[in-house]
Each structure stands twice: as C-alpha cells, then as structure tokens.
Amino acid sequence: MTKILLIGFNILTCLAMNVHGQQNYSGFSAQDCKSNDQNFLYTCNGENRSCQAFLIFKSTPPYNSVQTISNLTSSSPEELARVNNVTESEVFPTNKEVIIPVNCSCAGQYYQNNASKIVHGKEETYYIIANDIFQGLSTCKSLKIENKFGELDLEAGLKLKVPLRCACPTRNQTENGTIFLLTYPLNSGDKILDLSKRFNVSARSLLYANGFSEDNLLPVIFSSTPILIPLPTEPSSSLTIIHKDDDTDTPTIPQLLDSGPRRPKSKSKAKLYTVVALTAGCSLLILVVALSAFFLVYKKRSKGPIVLPRTLTKRMSPEDLRVEIASFEKGNLHVYGIEEIKKATESFSPEKQIKGPVFQGVFGNGKKESTTLAVKRTRKDVSEEVNILKKLNHFNLIKLEGVCKHHDRFYLVFEYMENGSLREWLRGNCSEKNWTWAKRIQIALDIAHGLNYLHSFTKPGYVHKNIKSSNILLNRNMRAKIANFGLAGPAMDETTSTTSTDRSETTTRTSHVVGTRGYVDPEYLTTGVATPKIDVFAYGVVILELMTRKNAVAVQNGRQVLLSVKIVEIMEGDDPEADLDLFIDPGLKEDHDRYIEFALRVAKLSVSCLKREPESRPTMGEVISTLSKIQADLQRTEL
Ligand SMILES: *[C@@H]1O[C@H](CO)[C@@H](O)[C@H](O)[C@H]1NC(C)=O
Ligand SMILES: *[C@@H]1O[C@H](CO)[C@@H](O)[C@H](O)[C@H]1NC(C)=O
Ligand SMILES: *[C@@H]1O[C@H](CO)[C@@H](O)[C@H](O)[C@H]1NC(C)=O
Ligand SMILES: *[C@@H]1O[C@H](CO)[C@@H](O)[C@H](O)[C@H]1NC(C)=O
Ligand SMILES: *[C@@H]1O[C@H](CO)[C@@H](O)[C@H](O)[C@H]1NC(C)=O
Ligand SMILES: *[C@@H]1O[C@H](CO)[C@@H](O)[C@H](O)[C@H]1NC(C)=O
Ligand SMILES: *[C@@H]1O[C@H](CO)[C@@H](O)[C@H](O)[C@H]1NC(C)=O
Ligand SMILES: *[C@@H]1O[C@H](CO)[C@@H](O)[C@H](O)[C@H]1NC(C)=O
Ligand SMILES: *[C@@H]1O[C@H](CO)[C@@H](O)[C@H](O)[C@H]1NC(C)=O
C-alpha cells in the first residue's frame, strides 16, 4: 500500500526535477522505508570529497539545548555554540532553528555525516528516528542500510549509526561563489522566494542546487523534507528564526510553492489548480470550479509584493501549467448523462437501492464488460465535495468515478464496495471466524493510510471531519476505503488550537462544529478548529470498534457510555489487562493465544489517539508505523 502511495508521489517529484541539477530533491520518496535501490542521501559529486557543511535542526524538547542537540547530532558543542552565537549552556526556545556544523564526507557513492543515536524505546522505529527525531535530516532507508538490526528488533539501549544528509558544493557551484551547503528541512508555508530572500541567495542558485528547473519557481515541495541552500559564507544565527507553526507535530503537510505573498494563516485555504479534461456531458459544474480556481491562482500571484512575479508567471506557459495540473489530476472524472444514470440504476428502482440515496448502477452497453458502480443522488450542492474528491487518488479513499447534474439534482458515481460499511459488518452476525486479528489490523491500517494521504499528501491538507465506522466501506476483498466527504474541508493550522490564551480573536473557525456523537474530539467542540487531529481522535474510536465490536456510544445500565471514555478508564485503571480481557470481542481471543498482548498494544494506540490535547496525539504517519509493527509481529507469531 505504501508502494501505491509512493508511486504516485514519485510521479510528482519527478515532474519537479530537472535533468542537470547538483543534487536532486527527493521529496516524500525519501521517507520511504522500503525503497530498493536508493538511500536518498546526496550524491558524492562535489569538488571535494569532504567539506564543512551545515544543517538546520528545529529545537524541540528534549533536544532543545546546545548540549542535547550536539549530542543528538554528534557535532561539537563548542562549534555549535559559536555558529549560533550562544554559550554552551544555552537552552533554545522551542521551534528555534539551530545551525548544526558537521563534517561532511563521501562514504561510497554518497555524502554523509555520521551521527549516532541510542534507541530509547519500542516506539522508536527507523521511520520515526529519521523523519521525526532527526526531522528528515536522515532517511529511513539509509538507517536500515547502516544498521544491522531488523526494523522490528529495535530495542531500548541499542546504538544506531545515523547518516545525516549533507553535501559539498560542485565545481559549478563553487565557481559561482558557493562555499557551503546548508541542509534545510522545509516547513509548511516555506516558499523558494522567501527562503532565497532570508538566506540572501538567488532563487536561481537555490533551484539549481536542488535539481529543480530554474525557470519554474513553483516546484512541488513538501514540508519536513530537506532542500539544500547554497551559501557564500558561513550561516549566521541572524538568519535563523523561531517557527510559529509547530511543524514537528505535523511532519508531512505537503507544500506547493507559489510566488504569492506569504500568508501563513490562510495557507490552508489556498486552492489547488484544478483542470479536468471535460468532454461533453450534462453539467458545466466542474469546468466552472476549475476555471475559478485557475483564475484565483493567477490573481493571487500577480498581486504579490515579491520581485518579478508577473514575468515569472508569464514565463510559465499555459502548456506547462496544464502539465503540472494534470499531474495532480490522476484519473479524470467522467461526466455522465442523465440517461446513462437512469439506465444504470433502472430509473432508481427500489431493487437497485443500496441504502438511502445510494443506488447500485450497472454501466456499460453490453459490448464491453459492464461495471457496477454506486450512484448517490442528492439535491445538496456537492461542488465542494466533488472539488475535493477529484483531487484524491488513493487506494484507501473511495474513488469518485464521475458526476452528473440534471435540473437541481446532482448524481455522484463512486466505485462500488461489495461488502458495505464497516459498521454493518461489525454489527452484523458475520461469522466470527472471518474476523481475525490479521483482518482487523489490515482494516485499521487501510483507514490509517487513507487518512495519512488525506492529511499529508494533498494540497491543501484536508480533514475528513466525519470518520466513523459507517463511513468506512469494504470492498470484495475486505479492504477498507474511506467514504463520505460531505463534511471534509481544508485543514486548519494546528497551532491555532494550542495557543490557548488568545483563541478568540486570532483564529478563523468553522461556524458550526460538525461530526457524529461518539467520535467528536471534545477539544474541537470547544475550539471549533478543524485540524487533522480531529480525524486522529475519531480514528482512535474506530479501532476500538474494530477490537470490541461495540458501539461508539453504548448504553450501559441506562447510561450512555462513550467508547472513547471507557477505554481510558480501563487503561488507567488498576488492572488494565483483566478489564481489557472482558472488553474485547470474544472472537479475538480464539484467534490468537497472545491476544491480550495485541489487545494492549491496540488499546494503547487508541488511547494515544484520544488524548485530550490534539498536539499530543500521533500523526497518521506515526499510527501507520506503530500498526505496521503490530501487523508484522502478528504475522511472525502466526507462523
Ligand atoms: C538527478 O536526476 C537526473 C534524472 O533522473 C539524473 O540524470 C541525475 O544524475 C541525478 N543527479 C544526481 C546528482 O543524482
Ligand atoms: C576543496 O579543497 C581545496 C583544497 O583543500 C580547498 O582549497 C577548497 O576550498 C575546497 N573547496 C570546498 C568547496 O570546500
Ligand atoms: C550523548 O549522551 C550519551 C549519554 O549521556 C552518551 O552515552 C553519548 O556518548 C553521547 N553522545 C555524544 C555523541 O556525545
Ligand atoms: C570536523 O573536522 C575538524 C577538522 O578536521 C575537526 O577538528 C573536528 O573535530 C571535526 N568535528 C567533528 C564533530 O568530528
Ligand atoms: C551575538 O550576540 C550578541 C548579543 O548576544 C550580539 O551583540 C552580537 O551582535 C551577535 N553577533 C552576531 C555575529 O550575530
Ligand atoms: C561514516 O560511516 C561510513 C559507513 O559506516 C564509513 O564508510 C565512513 O568512513 C564514515 N565516515 C567518517 C568520516 O567516519
Ligand atoms: C556545470 O555547468 C555546465 C555549464 O553551465 C554544464 O554543462 C554542466 O552540466 C554543469 N555540471 C553539472 C554537474 O551540473
Ligand atoms: C553562475 O553564474 C553565471 C553568471 O552569473 C550564470 O550564468 C550561471 O548560470 C551560474 N551557474 C550556476 C550553476 O548557478
Ligand atoms: C546579500 O548578498 C550580497 C552579495 O550577493 C551582499 O552584497 C549583501 O550585503 C548581502 N545582504 C545581506 C543583508 O547580507
């Protein structure tokens, strides 16, 4: 599944690359732990095989002092203090950029700086060490190569070699005055032009250093992935800033650079370019939406205060823009005619009704094999939902195949999910034999992958806002997909929910809080700030449903009991093991003799998702990492 996801992104990142760069920006692919042939370090192609290089690390407790950061990165504390113009006893404010001086040298084909790290606990996977603790300055794959321990054998106390990503300038760069390369992990909101101004280097050299085409100021880049900044002098502390956004908590919000003005707070509202190949059909809806988004982008760019935005926009031909846009639009929408819809659903006959406004439709003309799809009929304006859905392309998100508008009705045509909703399955008296740990963990992983994509691999990042078992659909092979994006919307800035003092004035909020009782994050109820963490909360409830087959809101002794409250009581109680044993679905006990171990691990994961403070909850990337370990352990113990 990771593969599917990564293939998509390889396409994106390749598009952003130029054939003759100094180093190639590797984008999200670098977070891939499974890649076969690449470790995503920088190629050893510089003028010298070793050099002084610099990295930027954002101060994050416990790594927030000269001592702890130099220890983490195996750099010299004296040098670190000197470069940052502080004393060796300095403690940095959280999210302050700290410059780390490193000796960079070729090891084989690649540059690296050798750091080391003692593993603290089971939750430290290679993925988390590379992308979280080292903030993308190392890569999962290179950790795996350098260390002999298997991914699943990491235990507290082990000492790992950690190659940090650094590089030395090539002759082309030194000829133009570059002496040092600074490895800079991107933050959400970072833009090439802003960075080139802040570090006082030309945008051209910055683009060139990362293998981006030099006349495209809009390369696709992602936060928490590093780029190289070519510098003519040693970086000084005056260049570093304190980030307001707590990005360490949301390591993977992708960014599409544009040359418009920097608007950190409104970034989530920025529209993605959208163009759809429209042939003919019964509605112009999509064309209108696409064109307005298109013009919005143009308008925004042309009023930017930054030098040359107009000419730059001009230089990018409509053809280039179209290609770039098309790369986001994998799988174009089909626009159906009302006659087709009627024929497929036998004019919405009751036999074809799946549930409520959703009908089964058999499309095809007899010649070719016909396809079964689901048709949802509605009077609501679905343009926003369509707008979101057509940008999504992930195995674990329900696929919108096409649309139709006729009079005041919309018809959305989706892929057909043979096994209905997860909720029906859990409630139904499906034979318990089929509900193995393996199957349930797979479904949990499917949902996690879908959410991870939605939160972190779309631009802007989206929040589903209505995750619940009835919105998870199962296909023929019992693989899960997230459906019903009716409430989904762009993610809001996470920090807005954490600055508790001046909540009232500064944040934009949804006027009405949405969601379903039993799944709604209590913090969201009070603040109305829709960050991805509200989906993480609801996800914590769904995995409990999977494990217990109980309702999100159960009635016990005439009282309503929330699953999300009950599990915390159990896990914080005197005997979590015994209570959990009574709480889980009995079917699971027969499936595995070490069932209680797995139940505890899933319960812990759930409790972490249900944490009161949104910022303490894991990201979906972290959830995937934890679940993958559980899945692997299950497979091992089943042999
Ligand atoms: C960057 O990618 C291009 C095209 O894929 C390749 O030809 C080139 O060698 C790469 N450069 C480096 C430094 O890896
Ligand atoms: C490469 O090495 C030479 C000789 O040691 C040195 O003069 C030069 O500054 C080095 N270049 C870089 C970019 O470090
Ligand atoms: C970091 O600290 C640990 C324990 O305090 C020590 O064992 C380790 O050698 C230190 N690492 C470096 C690079 O100084
Ligand atoms: C980096 O190299 C310099 C000169 O070779 C050396 O003095 C310094 O100790 C090295 N720093 C680290 C952290 O190894
Ligand atoms: C270093 O910090 C001191 C004050 O702490 C300041 O006066 C000085 O200008 C700084 N030096 C540089 C190079 O930024
Ligand atoms: C860093 O580690 C690699 C592989 O473990 C090794 O080949 C290389 O010589 C080391 N570099 C330095 C400067 O110690
Ligand atoms: C260096 O620049 C020359 C001329 O601009 C170009 O032909 C060559 O490919 C560049 N080398 C690299 C490694 O990019
Ligand atoms: C170096 O500078 C020259 C002149 O300013 C420019 O034409 C060339 O593209 C630059 N090369 C690189 C690699 O930045
Ligand atoms: C920026 O760099 C130029 C040379 O490229 C230099 O003249 C100028 O003083 C620098 N500005 C700052 C603020 O450092």
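Treat the numbers as computed from the prediction; the structure is a model and nothing was measured. Ligands are counted one by one from 1 in listed order, and the atoms in each one are counted from 1 as well. Values reported hereafter were calculated over all heavy atoms of this structure, with side chains retained and with hydrogens, waters and symmetry mates removed.
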Peer 1: At a 4.0 Å threshold, what atoms of ligand 1 neighbour a non-hydrogen atom of Asn24?
Peer 2: 1 (C), 2 (O), 3 (C), 8 (C), 10 (C), 11 (N), 12 (C), 14 (O)

Peer 1: Which atoms of ligand 6 sit under 4.0 Å from any heavy atom of Asn114?
Peer 2: 1 (C), 2 (O), 3 (C), 8 (C), 10 (C), 11 (N), 12 (C), 14 (O)

Peer 1: How about atom 5 (O) of ligand 6: does it have a protein heavy atom within less than 4.0 Å?
Peer 2: yes

Peer 1: Quick one: do Asn393 and Tyr453 satisfy side chain to side chain contact (heavy atoms under 4.5 Å, CB included)? Show the steps, please.
Peer 2: CA-CA 9 Å; Asn393 178 31; Tyr453 172 88; 4.1 Å; yes

Peer 1: Go through the steps to decide whether Tyr42 and Leu181 satisfy the test side chain to side chain contact (heavy atoms under 4.5 Å, CB included), and finish with yes or no.
Peer 2: CA-CA 11 Å; Tyr42 291 116; Leu181 291 172; over 6 Å; no

Peer 1: Would you mind checking which non-hydrogen protein atom is closest to atom 3 (C) of ligand 6, with the distance to 0.1 Å?
Peer 2: Gln112 NE2, 3.6 Å

Peer 1: Can a side-chain donor-acceptor contact be found between Gln67 and Ser65 if the only test is distance below 3.5 angstrom?
Peer 2: no

Peer 1: So, do Ser26 and Thr225 sit near enough that their side-chain heavy atoms are less than 4.5 Å apart?
Peer 2: no

Peer 1: At a 4.0 Å threshold, what atoms of ligand 6 neighbour a non-hydrogen atom of Ser105?
Peer 2: 13 (C)

Peer 1: Less than 2.5 angstrom apart at the SG atoms, yes or no, for Cys168 and Cys104?
Peer 2: no

Peer 1: Does any N or O atom in Thr43 lie less than 3.5 angstrom from one in ligand 1, N or O only?
Peer 2: yes

Peer 1: Below 4.0 angstrom from a heavy atom of Asn45, which ligand 1 atoms are there? Numbered from 1 as shown, please.
Peer 2: 13 (C)

Peer 1: What protein heavy atom sits nearest atom 7 (O) of ligand 6, and how far off is it?
Peer 2: Ala107 CB, 3.8 Å

Peer 1: Please indicate, with yes or no, if any protein heavy atom is found under 4.0 Å from atom 12 (C) of ligand 9?
Peer 2: yes

Peer 1: Taking only Lys NZ, Arg NE, NH1 and NH2, and the carboxylate oxygens of Asp or Glu, determine whether Glu90 and Lys96 approach each other closer than 4.0 Å.
Peer 2: no

Peer 1: Less than 4.5 Å apart, any side-chain heavy atom of Ser205 and any of Thr178?
Peer 2: no

Peer 1: Out of Val201, Asn200, Thr233, who gets a non-hydrogen atom closest to atom 10 (C) of ligand 9?
Peer 2: Asn200

